[in-house]
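All remarks here apply to the structure that follows.
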Amino acid sequence: RERMWAAMRKLTNLAKGDDRTFSASQVCDLANPCHIDSVGDYLAALEKAGLVELAAEQGRKATGGDFSSRQWRLLVNWPEAPRLNKQGQVVTQGLGALAMWRAAYIRKVFTPNDLAMDASVGQVKVNVSTAKKYCQALVASGHFKYEVKGKAGQPSKLRLVRYTGPHAPAITKAKVVFDRNEASHI
């Protein structure tokens with residue numbers, strides 16, 4: 001979805017005058033690799049959230065193969081891809097990791113407790129055990145290193161040593177760190 005969003009923003013910024021529209025097939029071509037159905041699902045969620053609109057009413061009546069050529073207009077130009085479910089509602093999953101990653105970047109040296117506290121804002125709640133697991137995984141991946149290894153009653157102090165970009169490295173279900181900053185981009 002981040003590649004699709006980046007493609008939509010790029011296509012919108014390349015357009016001249018009032019014709020700042022794009023098609024699903026243009027997004028798919030630019031966000032390669034992706035599937036046209038994935039672009040369609042994301043556009044549908046973005047439309048429900050009020051972040052894109054069909055440029056012409058005739059596009060809504062198109063069916064079948066005409067879907068990929070419908071012209072869409074971006075209504076917001078946010079730098080980060082909106083996290084939405086199929087109903088167009090904001091999804092908070094992954095925001096805790098993003099908040100911890102940003103806190104680590106700002107603090108440079110921190111404890112898991114610091115990250116849990118800094119990341120718990122608004123709807124996002126991060127508990128200390130989650131912050132500890134995140135820190136351990138990012139030490140193993142080389143993003144963080146221990147300044148002081150914690151002992152009984154004393155938390156570990158860590159340092160961010162490899163900042164790869166604005167997207168938080170994620171821990172997959174297989175307990176592997178995936179860093180989208182190092183994945184291929186547009």
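Ring geometry for F144 against W101 counts as parallel: the plane angle stays under 30°, on a 0 to 90° scale with 60° as the upper cut.
Contact check for T12 versus N77: no side-chain heavy atoms found under the 4.5 Å cut-off. Between L74 and W5, some side-chain heavy-atom pair lies under the 4.5 Å cut-off. Side-chain contact check for L115 versus V126: every heavy-atom pair is 4.5 Å or farther apart.
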Inset, instruction - Evaluate side-chain contact (heavy atoms from CB on, under 4.5 Å) for W72 paired with L54, printing each intermediate quantity in order. - result: CA-CA 4 Å; W72 295 86; L54 277 171; 3.6 Å; yes
Legend entry - F22 and K10: CA distance, side-chain angles, deciding distance, side-chain contact (heavy atoms from CB on, under 4.5 Å) verdict: CA-CA 10 Å; F22 56 88; K10 188 171 188 175; over 6 Å; no
Check: residues 171-179 side-chain donor-acceptor pairs under 3.5 Å, at least two apart:
unit_1: T172; atom_1: OG1; unit_2: A174; atom_2: N; d: 3.3
unit_1: T172; atom_1: OG1; unit_2: V176; atom_2: N; d: 3.2
unit_1: T172; atom_1: OG1; unit_2: V176; atom_2: O; d: 3.2
unit_1: D179; atom_1: OD1; unit_2: T164; atom_2: OG1; d: 3.3
unit_1: D179; atom_1: OD1; unit_2: N181; atom_2: N; d: 2.9
unit_1: D179; atom_1: OD1; unit_2: N181; atom_2: ND2; d: 2.9
unit_1: D179; atom_1: OD2; unit_2: H143; atom_2: NE2; d: 2.9
unit_1: D179; atom_1: OD2; unit_2: T164; atom_2: OG1; d: 2.5

Let me check something: any side-chain donor-acceptor pairs from residues 130-140 under 3.5 Å, sequence neighbours excluded? List them with distances.
unit_1: T130; atom_1: OG1; unit_2: N127; atom_2: OD1; d: 2.7
unit_1: Y134; atom_1: OH; unit_2: P169; atom_2: O; d: 2.7

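N113 meets the side chain to side chain contact (heavy atoms under 4.5 Å, CB included) test with T111, V128; sequence neighbours excluded. Considering only residues two or more places apart in sequence or on other chains, A49 meets the side chain to side chain contact (heavy atoms under 4.5 Å, CB included) condition with L51, L84. Taking the ring pair (Phe, Tyr, Trp, His ring centres under 6.0 Å) definition, one finds that Y42 meets it with nothing, sequence neighbours left out. Evaluation of the side chain to side chain contact (heavy atoms under 4.5 Å, CB included) rule for Q87 yields N85, Q89 as partners, not counting sequence neighbours. With sequence neighbours left out, A24 forms a side chain to side chain contact (heavy atoms under 4.5 Å, CB included) with I36, V39, L43, F67.
For residues 134-150, the set of pairs meeting the salt bridge (Lys or Arg N to Asp or Glu O under 4.0 Å) definition, not counting sequence neighbours, comprises E147-R159. For residues 96-105, the set of pairs meeting the salt bridge (Lys or Arg N to Asp or Glu O under 4.0 Å) definition, not counting sequence neighbours, comprises E80-R102. Within the structure, salt bridge (Lys or Arg N to Asp or Glu O under 4.0 Å) pairs that include any residue of residues 106-123 comprise R107-D114, R107-D118 (at least two apart or interchain).
In this structure, K86 and K48 approach most closely via the heavy-atom pair O-NZ, 3.3 Å.
For R3 (side chain) and P33 (main-chain N/O), a donor-acceptor pair under 3.5 Å exists by modelled atom type. Looking only at distances, no side-chain donor or acceptor of Q154 sits under 3.5 Å from a matching main-chain atom of K151. At distances below 3.5 Å, at least one donor-acceptor pair connects side-chain atoms of Y163 with backbone N or O atoms of G165. Without hydrogens or angle criteria, R162 side chain to S141 main chain gives a donor-acceptor distance under 3.5 Å.
More than 12 heavy atoms of other shown residues, nucleotides or ligands fall within 6.0 angstrom of atom OH in Y146.
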